[in-house]
Amino acid sequence: MLPPVPFRISLLALLFATAASAETARFALVVGSNAGSADLPPLRYAEADAGKVARVLVELGDVPPDNLVLLQGRKVGEVEDAIHELRARVARAKANPEARTVVLFYFSGHSDGEGIELGREALSYSRLKTLLGGTAADVRVTIVDACRSGRGTKEKGARPADPFTIRIADTLNTSGEAFISSSADDEAALESGEVLGSIFTHNLVSGLRGAADASGDKLITLGEAYRYAYDQTVARTALLTAGAQHPSYDYRLAGQGELVLTSLQKPSALLVLPEGAERSVITDVLRDQVVVEVGASAAREAALPPGQYGVRLFRGGQSFGGRFVLSDGARKSLSWDELAPIASSTQVARKGAEVIRAAPEPDWHERQVLAASVGVAPSVSQIGLLGLLRAAFEPRAGSGLSVALVGARAQAPSVSETALEARGGWRWVWSVGPFFFALGAEAGPGLIWQTDPTGTGSAFAAVLAPRASARLSFGGPFALQLDGETALAFTVVEGRLTALFRPSATLGLAVRF
């Protein structure tokens, strides 16, 4: 599906001509806020999205580090102060009468449809536009990635302008503003646990790193970046139960020249993906962030900084992965021979809302897990084996916290023993294909009851239990789980503090949700 109005903002070769007669200065204010007002739950990736945008603007967008301000988790007042500082910087740049100036504002976070939210404070779209207009920059570009952000393009008096043709090679002779939103005025913006970010910003950054280069000239224009982000966002969300997410835009520009957002002509390093991939996902290993995704019809070159990367390529219903290192100035052509088959996963959620599942199946590491298992352990009173019943909850199936309830009972002809424990713990998880392995420990209070012909006695205990676990995924939400532990129960026996050793093993079923 195409955007509702042809998007060919004609602003060519802005800011990359060192020999041009007119100097162009670029400024950027990049804002991310996971927290929103009202009772909305915090977002997971908005502040990380802002960091990704800031990096690509500095690395490939000809924005000097001194001209970029990155604000993550800040207040409205700090954003307004930063815009006032931009105004002063633009004024200094325009002291040269031939200078041209561009200000780019980006926001990722919550929105109530009337403005952007930073914690429990809000900045209305009308106020934001007034502040950015006050910078007096020749061109102002605003990009908002938030739910219902399309209302920002509906301000009274705003309407899409007619497209115009690119004719300038080395200078920018355009003025005005453009406002791009990640969603329509009645739509939710979506986050993805697979790409660890907003779907729209993920596609926008992927386009800016090379995937949007439809012309093959190694210059990513605003029009190309928007078109790529629009097409990929709609395609990625079209089959979700919430319906497709449709980015939108409004622009009021006059003049000639095409606004180039990034250049691949002199990248720090370049990755060339192999032909035949239906989808390619590139991850910065050290940051644990997905930095680029490339579709089947997109350009196969991605500009990246030097570093260590992981890659997943999808072809014919299968996925293939591998790792590689890019050095400064390198141009690496990746081949299928360097990749091995791996499992794949996708998780998509509304910004600050419920999870929406999409094929392929979500990753165990990004889901909550409830596990129930049975097993045996020696009894304290040495009357035989205790039968164990264990129920555990993991807020995240990967490395992290867990809570558990453990009940045990043993029965002899005239003696019985019952134990109940409540535990909290931490575990470290490793995965190999469908297998998951974990090492960790749990601790908590317990109560032991013993009944014999003389009556019933009870004792409190403090339990410390180093643990090892193995889990085999069946596909879908279920997995077989095997646990072993060497618990120590510290309790008072006949007036003395005693450590009781109780190894155990359990077998059960884990369910993700």
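We're numbering straight along the sequence, starting at 1. Atom set for the values below is all heavy atoms of this structure, side chains included, hydrogens, waters and symmetry mates excluded. Being a predicted model, the structure only gives us computed values, none of them experimental.
- A ring-centre distance under 6.0 Å is not found for Phe200 and Tyr230.
- Aromatic rings of Trp430 and Phe436 (six-membered ring for Trp) have centroids beyond the 6.0 Å cut-off, not under it.
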Let me have the donor-acceptor pairs involving side chains of residues 63-72, under 3.5 Å, with sequence neighbours excluded, atom names and distances please.
{"from": "Asn67", "atom 1": "ND2", "to": "Arg26", "atom 2": "O", "distance (Å)": "3.0"}
{"from": "Gln72", "atom 1": "NE2", "to": "Glu47", "atom 2": "O", "distance (Å)": "2.7"}

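- Formation of a donor-acceptor pair under 3.5 Å by the Ser327 side chain with backbone atoms of Ala330 is not found in this model.
- Heavy atoms only, all atoms of each residue included: His202 and Val292 are closest at CE1-C, 4.1 Å.
- Side chains of Ser335 and Asp337: a donor-acceptor N/O pair is absent below 3.5 angstrom, by distance only.
- Looking at Thr101, its side chain never comes within 3.5 Å of a backbone N or O of Val90 through a donor-acceptor pair.
- Glu114 contributes no side-chain N or O that, together with a main-chain N or O of Tyr125, makes up a donor-acceptor pair within less than 3.5 Å.
- With a 6.0 Å cutoff to the six-membered ring centre and a 45° limit on the axis angle, Arg279 counts as a cation-pi contact of Phe314.
- In this structure, Ile116 CD1 and Ser108 OG are separated by 10.5 Å, a value rounded to the nearest 0.5 Å.
- Of the N and O atoms on the side chains of Tyr228 and Ser206, not one donor lies less than 3.5 Å from an acceptor on the other residue.
- Looking at residues two or more places apart in sequence or on another chain, you find a side-chain contact (heavy atoms from CB on, under 4.5 Å) between Gln289 and Ala48, Lys52, Arg55, Arg287.
- Here the closest non-hydrogen pair linking Trp336 and Glu275 is NE1-O, 2.9 Å.
- Judged by distance alone, with hydrogens and angles left aside, the side-chain atoms of Thr262 form a donor-acceptor pair with the main-chain N or O of Leu208 at under 3.5 Å.
- Closest approach of Arg74 and Glu78 over heavy atoms only: NH1-OE1, 3.1 Å.
- With 3.5 Å as the limit, one finds a donor-acceptor pair spanning the side chains of Tyr106 and Thr201.
- Salt bridge Lys129/Glu177: absent, no basic N to carboxylate O contact under 4.0 Å.
- The salt bridge (Lys or Arg N to Asp or Glu O under 4.0 Å) pairs that include a residue from residues 203-214 are Glu59-Arg209, where partners are two or more places apart or lie in different chains.
- Relative to the six-membered ring of Phe320, Arg315 meets both conditions, a distance below 6.0 Å and an angle of at most 45° to the axis.
- Of all the heavy atoms in Pro247 and Ala229, the pair that sits closest is CG-O, 4.5 Å.
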